[in-house]
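Before any comments, here is the structure.
Computed from heavy atoms alone, side chains included, the values below leave out hydrogens, waters and symmetry copies. Note that the structure is predicted; figures quoted are calculated from it, not measured.
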Amino acid sequence: MSLHKAESDWWRDSQESILPKDETVIEQTQFVKLGRCQWWFMVALNIFFLIVGQAAAVLLGRFYYDQGGNSKWMATLVQTAAFPVLLIPLYFIPSSKDPSTSSGPPSIKVLALIYFALGVLLACDNMLYSVGLLYLSASTYSLICATQLAFNAVFSYFINSQKFTVLILNSVIIVSFSAALIAVSDDSSGPAGVSKWKHILGFICTLGASAIYSLLLSLMQLTFQKVLKKETFSVVLEMQIYTALVASCAATVGLFASGEWRTLHGEMEKFGEGRVSYVMTLVWTAVAWQVCSVGVVGLIFVVSSLFSNVISTLSLAVTPIAAVIIFHDKMDGVKIIAMLLAIWGFATYIYQNYLDDSKVRRRQTGVRESHNDSSA
């Protein structure tokens, strides 16, 4: 009994150490009863989903373009179209029903407005990613995407009141240098027929998409803190589902409004690996993005949204290696240095969070010991 209580206290402490700075009350999850080994298993499983899902989605997206696919709106749509997959974990792992705030839930109108705005922003973000992947090699694309870590630090400082320490500043500068190296380098391993100006356009779009993605995460975190005032599994997953629904609708409208839907049949007929491969590429790209989403949501639930974004950035270091193996992308000296800089920036970012976590744990231990002494 005492061992189970100690494990529950450990889990509760791990949750309290990553609470927002404004002391918003976060609802206790039903995973509070998990033991330490079970908690680590959930963390490892979700990290696996995120890394594998994101790497597979990026590589399949590059494969779609390499084999003759050219619809940017279709590439945008598949990033969210498989959102019904998220209903499976929502059904099998229901959230606690205990109230967490004294105020009532937000109105349906407010929630609808928030989900609509976030969904449209997500659709724009996905479109920029699609354009970036069209004009860049998978390895270059992934290295530029790593700048989302720097953008996340900036947006978290202004929107979520996160601390901006020397180590975080160091991480931002290093990751920025990494992106700058990619910007000035000649991507000789890039897609055939891509001009210098299209390469620059791809760089700008990918950089812009990374900024919007980090802004999106900060706005979601702000919504949890100020509007929903809780961060349970069901609430996090519902936000993911509704924003993906809106983004899918926006991408569908764009697909028909742009006239790209007329070219899809010819695109399928001329696809390098055949019609079946065309359909399967789109299907598995959509599934891979949702596997990634399950990992993202899972890490937000069992750890924090900040940790989820950091692991998402780490997974971008896996993709260039996979691109070299699968697509034989050229990994020249500039890319290797850029990747090492990105990993260095990631390491300093992680170390800062480790220091913050240790500081909070020591403070909690001191408070607990003081309480025990006074009780004695």
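Side-chain atoms of Thr80 and Trp289, non-hydrogen and from C-beta on, never get closer than 4.5 Å to each other. Residues Leu111 and Leu228 are in side-chain contact: their nearest non-hydrogen atoms beyond the backbone lie under 4.5 Å apart. Using a 4.5 Å heavy-atom threshold, the side chains of Thr285 and Tyr64 count as separate. A heavy-atom distance below 4.5 Å is found between the side chains of Leu118 and Leu219. Considering only heavy atoms from C-beta on, Leu355 comes within 4.5 Å of Leu167 through its side chain. Residues Ile159 and Leu215 form a side-chain contact, since some pair of their non-hydrogen atoms from C-beta on lies under 4.5 Å apart. When side chains are defined from C-beta on, Gln290 counts as touching Ser293, because their heavy atoms get closer than 4.5 Å. Between Leu50 and Leu299, the closest side-chain pair of non-hydrogen atoms falls below 4.5 Å.
Counting only distance, with no hydrogens or angles, the side chain of Glu267 and the backbone of Asn70 share a donor-acceptor pair below 3.5 Å. In this structure a side-chain-to-backbone donor-acceptor pair under 3.5 Å is missing from Arg62 to Ser137. Side-chain atoms of Asn170 never come within 3.5 Å of backbone atoms of Val166 as a donor-acceptor pair (strictly under, hydrogens ignored).
Met220 and Phe116 fall into different hydrophobic clusters, where Ile, Leu, Val, Met, Phe, Trp and Tyr side chains are chained together by heavy-atom contacts under 4.5 Å. Val283 and Val85 are not part of a single hydrophobic cluster, where members link through side-chain heavy atoms under 4.5 Å apart. By the criterion of side-chain heavy atoms lying less than 4.5 angstrom apart, applied directly or through intervening Ile, Leu, Val, Met, Phe, Trp or Tyr residues, Val253 is not grouped with Leu255; the two fall into different hydrophobic clusters. No path of Ile, Leu, Val, Met, Phe, Trp and Tyr side chains, each step under 4.5 Å between heavy atoms, connects Val246 with Val227, placing them in separate hydrophobic clusters. With hydrophobic clusters built from ILVMFWY side chains whose heavy atoms lie under 4.5 angstrom apart, Leu113 does not share a cluster with Ile241.
None of Val279, Thr281, Val276 except one satisfies the side chain to side chain contact (heavy atoms under 4.5 Å, CB included) rule with Phe271; the exception is Thr281.
Nearest heavy-atom pair across Ser156 and Ser218 is N-OG, 3.7 Å. For the residue pair Tyr141 and Gly132, the shortest heavy atom distance occurs at CD1-C, 4.1 Å. Residues Val291 and Gly53 share a closest heavy-atom pair of CG1-CA, 4.2 Å. Of all heavy-atom pairs between Ser71 and Glu260, the closest is OG-OE1, 2.6 Å. Considering every non-hydrogen atom in both Ser277 and Phe63, the closest pair reads OG-CE2, 4.0 Å. Nearest heavy atom pair, residue Ala75 against residue Val78, reads O-CG2, 3.3 Å.
Residue Leu136 holds its CG atom at 9.0 Å from CG of Leu201, rounded to the nearest 0.5 Å. Taking CG of Leu59 as the start and CD of Gln54 as the end, the distance is 10.5 Å to the nearest 0.5 Å. A distance of 11.5 Å separates CG in Asp66 from CG in Leu60, rounded to the nearest 0.5 Å. Of the inter-residue distances, the one linking Met74 atom CE with Met268 atom CE reads 10.0 Å to the nearest 0.5 angstrom. How far OG1 of Thr206 is from CG of Leu134: 10.0 Å, rounded to the nearest 0.5 Å. To the nearest 0.5 Å, the span separating NZ on Lys72 from SG on Cys205 amounts to 9.5 Å.
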Please list every donor-acceptor pair under 3.5 Å in which a side-chain atom of residues 119-131 meets a protein atom from a residue at least two apart or in another chain.
unit_1: Asn126; atom_1: ND2; unit_2: Leu122; atom_2: O; d: 3.4
unit_1: Ser130; atom_1: OG; unit_2: Thr76; atom_2: N; d: 3.3
unit_1: Ser130; atom_1: OG; unit_2: Thr76; atom_2: OG1; d: 3.1
unit_1: Ser130; atom_1: OG; unit_2: Gln79; atom_2: NE2; d: 3.0
unit_1: Ser130; atom_1: OG; unit_2: Asn126; atom_2: O; d: 2.9

Practice task
I would like to know whether Leu222 and Phe155 meet side-chain contact (heavy atoms from CB on, under 4.5 Å); could you show each step before the answer?
Solution key: CA-CA 11 Å; Leu222 184 67; Phe155 287 128; over 6 Å; no
Problem - Stepwise side-chain contact (heavy atoms from CB on, under 4.5 Å) check, Phe151 with Leu207 - result: CA-CA 10 Å; Phe151 287 119; Leu207 193 66; 4.0 Å; yes
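In this structure Tyr242 satisfies the ring-ring contact (aromatic ring centres under 6.0 Å, His included) test together with Tyr115, sequence neighbours excluded. Residues forming a salt bridge (charged side-chain N to carboxylate O under 4.0 Å, His left out) with Glu269 (at least two apart in sequence, or on another chain): Arg275.
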